[in-house]
Amino acid sequence: MNMTFLQELFSSITQRDAILRRRGGNLQNVDHNDLIEACNALLQSDGEVSGITLAGRALEIYSRLHADEKLRFFEQLASDFSATPRTIDLAYERYRQNRNSRNLELLFEACEPKRQELLRRLNLAPGGTHEIVKMRADMLELMQGRPDLPAINADFIHLFSSWFNRGFLVLKRIDWTTPANILEKIIRYEAVHKIQDWGDLRRRLDARDRRCFGFFHPAIGDEPLIFVEVALSKGLPDQIQVILASDRYDIDEPESANTAAFFGISNCQTGLRGISFGNFLIKQVVQELKQELPNLRNFVTLSPLPGFRKWLEETCTAESGFLTTEAQETLKHLENPEWHLDEALAHELEEVIKPLAARYLLKEKNAKGLPHNPVARFHLGNGAELHRINWLGDTSPQGMQQSAGLMVNYLYVLDNIERNHEQYATDGTIACSSAIRELSRRGRKMLKGENDK
């Protein structure tokens, strides 16, 4: 029997049932109390078919709530669907008196918030997984300043870590023959270098020297989770405008390329923020490319440096007192929006900015002791090497504003990825090239009061 036919038939039945309920239940004027009632009914149900119908009804009610009603729903999830302290105390006391596996299981059950089981049951509805992902996206928008909501966020992350386990992800190549509804989403979700139009998209997907891969999940269908754009080249690229240019020159044959450059990695689902896909994606894409093009030797990114310009302006000012007077005077030229068009001025700034960028990437840490820059955290955590800083690598308005025109090559050396990852995860050691270390030493000399560290 065709399972797709059965799935579609079952889905149509539940959708028809939902329509009938909607007509009889007047879902036009619902509030969070109606949703809480539907959620309690779902938790009390013990039949699979009725559970699917009730889950669909609850998600339908949720989709009709305004933002303030959604916030009230999340507030009630935090207060009324948590684990019960009294139940935890009793379960712990039983386990303390008799430390057997059954009592340990009961203790785990007592510690689990009731809302986790609610989310599992909501996931029974057709399309439920994607709706729950969107639910978390709503909650992330409402979380700021709400000390009661992070606990719910932790529940989402806990469940999503299982639901979106690597074993469930499907890698697909995206090209010009990919269905149009997916291509439209690629245009919409591209977060690094905006796709201007369909012609721009075709240049990125249909050219001989381009590849694009994405992760999909069976429960989400044609919604990409994350995708990466790849340019094939001879040698390491150093400027994004060359890659994105409409009149660029393609390499003669993909087989002649020795480098695969990852120049855009875009996460597509806000509700999956914090669930890591990129590390799996890059490693699997490397394997796919190696199989297709055995001559590839270098796997490297061409990455932005978001936040660097802001750090430069806030940290390296005369008022901060961190920089030498000479370096401070040079950096004042950044106030001229066309400084990069003046060759002599650009060279003078390069001598200051590149060493400071190396220092920033190697030494500036966040509260957790990890690199301050989020792109650096991502690639270094994946086992890449901080390989090269490219001067005027992105001269677009966004690149100049965010990164002072810099772009970075993070190099993935297959034999070193695991070692680099372990050293980074264990003691924060950053793998970098000798050129980066030399730049960092030069940057240290521009900073007052820094010892050799």
Side-chain angles (χ1 to χ4, degrees), residues 1-25 27 30 32-65 69-70 73-74 76-78 80-83 105 108-109 111-140 151-170 215-223 225 269-272 275:
M1 174 90 52
N2 188 315
M3 292 304 295
T4 300
F5 170 76
L6 285 176
Q7 289 167 351
E8 291 177 353
L9 177 63
F10 190 65
S11 178
S12 67
I13 292 171
T14 55
Q15 287 174 7
R16 182 188 64 185
D17 189 78
I19 291 171
L20 293 173
R21 286 177 171 271
R22 195 176 308 142
R23 289 172 178 168
L27 297 185
V30 292
H32 72 284
N33 291 315
D34 297 299
L35 180 54
I36 292 297
E37 181 182 346
C39 289
N40 282 322
L42 175 60
L43 286 172
Q44 292 165 11
S45 69
D46 54 9
E48 183 174 348
V49 174
S50 62
I52 291 173
T53 302
L54 290 169
R57 177 175 172 79
L59 289 174
E60 175 67 21
I61 294 173
Y62 176 83
S63 71
R64 293 172 178 265
L65 297 182
E69 286 295 315
K70 288 179 179 180
F73 167 65
F74 291 131
Q76 205 153 343
L77 277 188
D80 297 352
F81 290 76
S82 296
E105 180 183 345
F108 284 150
E109 290 178 3
C111 290
E112 181 181 280
K114 188 166 63 170
R115 56 182 171 261
Q116 285 193 18
E117 179 59 21
L118 172 62
L119 292 173
R120 290 191 193 96
R121 295 196 180 200
L122 288 173
N123 195 37
L124 293 171
T129 304
H130 195 203
E131 294 304 313
I132 295 171
V133 169
K134 291 190 286 188
M135 183 185 291
R136 181 179 179 237
D138 292 338
M139 197 202 68
L140 290 175
I152 304 175
N153 188 43
D155 293 328
F156 276 115
I157 292 175
H158 173 73
L159 293 173
F160 288 171
S161 297
S162 299
W163 297 355
F164 293 91
N165 180 282
R166 172 63 191 91
F168 297 125
L169 304 182
V170 179
F215 267 150
F216 293 79
H217 190 286
I220 299 234
D222 58 7
E223 278 283 338
L225 306 181
Q269 307 297 324
T270 303
L272 292 175
I275 310 300

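Position 1 is the first residue of the sequence, and the numbers go up from there.
Between atom CG of residue Leu43 and atom CG of residue Leu118 there is a gap of 5.0 Å, rounded to the nearest 0.5 Å. Put simply, CG on Leu59 and CG on Asn123 are 9.0 Å apart, with the number rounded to the nearest 0.5 Å. The line from CD1 of Ile157 to CD1 of Ile152 is 12.5 Å long, rounded to the nearest 0.5 Å. Taking CG of Leu77 as the start and CE of Met135 as the end, the distance is 7.5 Å to the nearest 0.5 Å. Of the inter-residue distances, the one linking Ser45 atom OG with Leu124 atom CG reads 8.0 Å to the nearest 0.5 angstrom. Rounding to the nearest 0.5 Å gives a distance of 5.0 Å between NE2 of His32 and CD of Gln76.
Side-chain N or O atoms of His130 include none that pairs as donor or acceptor with a backbone N or O of Gly221 at under 3.5 Å. For the pair Ser50 (side chain) and Asp46 (backbone), a donor-acceptor distance under 3.5 Å is absent.
Counting non-hydrogen atoms of neighbouring residues, nucleotides and ligands closer than 6.0 angstrom, the CD atom of Glu37 reaches no more than 12 such neighbours.
Listed here is the closest heavy atom pair of Asp155 and Pro113: OD1-CG, 3.7 Å. Heavy-atom minimum distance, Leu119 versus Ile132: O-CD1, 3.5 Å. In plain terms, the two heavy atoms of Phe74 and Tyr62 that are nearest each other are CZ-OH, 3.5 Å. The heavy-atom pair separating Arg136 from Leu272 by the smallest distance is NH1-C, 3.7 Å. Asp138 approaches Lys70 most closely through the heavy-atom pair OD2-NZ, 3.1 Å. The shortest heavy-atom contact between Leu140 and Asn153 is CD2-OD1, 3.7 Å.
Salt bridge annotation for Glu60-Arg57: absent, with no cationic side-chain nitrogen under 4.0 angstrom from a carboxylate oxygen. A salt bridge links Glu117 with Arg120; the closest basic N to acidic carboxylate O contact falls under 4.0 Å.
Between Phe164 and Phe160, the two ring planes are perpendicular [angle over 60°; tilted spans 30° to 60°].
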- [ ] Show your reasoning for whether side chain to side chain contact (heavy atoms under 4.5 Å, CB included) applies to Phe81 and Ile36.
- [x] CA-CA 10 Å; Phe81 290 76; Ile36 292 297; 3.9 Å; yes
TODO: Test side chain to side chain contact (heavy atoms under 4.5 Å, CB included) on Glu69 and Val30 and set out the steps.
DONE: CA-CA 9 Å; Glu69 286 295 315; Val30 292; over 6 Å; no
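No side-chain heavy atom of Val170 sits under 4.5 Å from any side-chain heavy atom of His217. Counting heavy atoms from C-beta on, the side chains of Arg121 and Leu54 never come closer than 4.5 Å.
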